Asks: 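Before I ask anything, here is the structure I am working with.
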Amino acid sequence: MKFAEIVSRSGRIPCGPIESRACPDQYVGYLSAFGRMHQASEWHSVQREPALSRPEGPALIVVLESPHIEEFEGDLGPAKNPSGTGFALACWLRTVVGHEADDKDYSVILVNAVQYQCSLGCAPKAHRDEIFMAVWQDYGEIDFKERLTAIHRKGDIVLCCCTAGKTKPPLRELVLDAINDALNEAKVLRRRHPASWARNRNYREAADWERSKKRLPKKPICT
């Protein structure tokens, strides 16, 4: 299995067995229902269907970086943590999108750029960035573009909500570039990762995050 092979080659030590299953992209209901959930248990009850079984009409495609632990408990699915990313989406997704989606009711589709558990079941800062990069450079970017192209339809909005991570360039910028490359005429918004929305009210604003500035080579010093 390719993911397990990449993990093995990395030398990283998982916090348990390597999760070899892919977390599927899913349709999770209409945007009009988001913001009306006030209990974590309500997020557990959202409708979950394969992304390609989405309803007719425009969709809001929310792109995260990779699944963590709760996504593999029971039925597989993205953003299942009822007290973290999942509940943040339920509470504030409508706010974060802002007026971009005022014209009609969008269906919501959750997509992980890499469908495998890059955290290896540990705290994300331990392994996630390195494993994500290894998968992305091997087959992950191509796989993501193929899935996104299959899901996307004219009129959709793509919301890049990946975490920045500690890599250079940041993970979210790698994913954003892949989105723009695959869907060169799509409407793409840049928003903070949902896990940050509960921690900082400012991160819930309907505003794009800024891209990192590329470092220019130092000018030679004349002596």
Side-chain angles (χ1 to χ4, degrees), residues 1-26 28 48 50-51 61-89 109-151 158-182 190-199 203 209 212:
M1 194 275 159
K2 215 166 190 180
F3 179 72
E5 292 172 0
I6 290 172
V7 174
S8 179
R9 291 198 305 266
S10 74
R12 298 277 170 165
I13 308 300
C15 295
I18 296 174
E19 180 54 75
S20 60
R21 296 173 295 173
C23 182
D25 307 322
Q26 290 181 337
V28 292
R48 287 181 178 268
I61 303 173
V62 181
V63 180
L64 305 168
E65 72 286 339
S66 61
H68 190 30
I69 296 173
E70 292 84 355
E71 286 76 8
F72 296 95
E73 295 176 350
D75 295 332
L76 304 185
K80 285 180 59 182
N81 185 347
S83 60
T85 299
F87 193 51
L89 287 168
I109 296 173
L110 303 182
V111 173
N112 279 297
V114 171
Q115 292 181 303
Y116 294 89
Q117 192 187 62
C118 295
S119 66
L120 305 185
C122 308
K125 64 181 180 180
H127 305 304
R128 182 202 58 209
D129 292 3
E130 289 76 11
I131 298 300
F132 183 99
M133 288 294 292
V135 173
W136 191 254
Q137 292 168 358
D138 188 292
Y139 67 91
E141 180 179 3
I142 294 173
D143 174 71
F144 171 62
K145 288 179 178 178
E146 290 176 348
R147 287 186 286 116
L148 185 62
T149 301
I151 294 168
V158 182
L159 196 68
C160 182
C161 289
C162 295
T163 189
K166 300 296 184 182
T167 61
K168 293 182 180 180
L171 299 183
R172 66 187 184 185
E173 294 190 15
L174 292 173
V175 175
L176 178 65
D177 287 343
I179 294 170
N180 288 328
D181 188 39
R190 309 189 302 273
R191 298 294 188 266
R192 299 273 187 169
H193 190 281
S196 71
W197 299 349
R199 296 195 302 265
Y203 291 166
W209 45 260
S212 59

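Quick caveat, the model's predicted, so the values are computed rather than measured.
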Asks: Where is the tightest heavy-atom contact between P67 and S119, given as atom of each residue plus distance?
Replies: O-OG, 4.5 Å

Asks: Quick one: pull up CG in L110 and CD in E71 and give me the separation to the nearest 0.5 Å.
Replies: 10.0 Å

Asks: Answer yes or no: is there a side-chain heavy-atom contact under 4.5 Å between L89 and V28?
Replies: no

Asks: What's the spacing between C160 SG and I61 CD1 if we round to 0.5 Å?
Replies: 12.0 Å

Asks: For the pair R191 (side chain) and L159 (backbone), establish whether a donor and an acceptor sit closer than 3.5 Å, ignoring hydrogens and angles.
Replies: no

Asks: Whether the side chain of R172 engages the backbone of H193 through a donor-acceptor N/O pair (distance < 3.5 Å, no angle test) should be reported.
Replies: no

Asks: As an exercise, state the distance from CZ of F87 to CH2 of W197, rounded to the nearest 0.5 Å.
Replies: 13.0 Å

Asks: Please enumerate all residues that pass side chain to side chain contact (heavy atoms under 4.5 Å, CB included) together with P24, with sequence neighbours excluded.
Replies: Q26, L76

Asks: Do F3 and Y139 pass the side-chain contact (heavy atoms from CB on, under 4.5 Å) test, and can you show the C-alpha distance, the side-chain angles, and the key distance before you say yes or no?
Replies: CA-CA 10 Å; F3 179 72; Y139 67 91; 3.9 Å; yes

Asks: Between N81 (side chain) and E70 (backbone), is there a donor-acceptor pair under 3.5 Å?
Replies: no

Asks: Are the side chains of Q117 and I18 in contact, using a 4.5 Å heavy-atom criterion?
Replies: no

Asks: Are side-chain heavy atoms of E173 and W209 found at a separation under 4.5 Å?
Replies: yes

Asks: Which of parallel (below 30°), tilted (30 to 60°) and perpendicular (above 60°) describes F144 and W136?
Replies: tilted

Asks: If you define the side chain from C-beta out and look only at heavy atoms, does anything of C162 sit under 4.5 Å from L171?
Replies: no

Asks: Taking the side chain as every heavy atom from C-beta outward, state whether I131 and R12 have any atom pair closer than 4.5 Å.
Replies: yes

Asks: Taking side chain as C-beta onward, heavy atoms only, is F132 less than 4.5 Å from T163?
Replies: no

Asks: Could you check whether any side-chain heavy atom of P169 comes within less than 4.5 Å of a side-chain heavy atom of L174, counting everything from C-beta outward?
Replies: yes

Asks: Hey, is the main chain of D75 close enough, under 3.5 Å, to the side chain of K80 for a donor-acceptor pair?
Replies: yes

Asks: Given side chains that start at C-beta, do those of H127 and V7 come closer than 4.5 Å, heavy atoms only?
Replies: no

Asks: Applying side chain to side chain contact (heavy atoms under 4.5 Å, CB included), can you list everything that pairs with Q115, at least two apart in sequence or on another chain?
Replies: A22, D25, D143, R147

Asks: Could you give the distance from CD (E5) to OG (S10), rounded to the nearest 0.5 Å?
Replies: 12.5 Å

Asks: Which residues pass the side chain to side chain contact (heavy atoms under 4.5 Å, CB included) test with D181, sequence neighbours left out?
Replies: K145

Asks: How many angstroms lie between NE2 in H68 and SG in C23, if you round to the nearest 0.5 Å?
Replies: 13.0 Å

Asks: For I69 and G121, which heavy atoms make the closest approach, and how far apart are they?
Replies: CD1-O, 3.6 Å

Asks: Mind checking the CD1-CG spacing from I6 to D138? Nearest 0.5 Å is all I need.
Replies: 4.0 Å

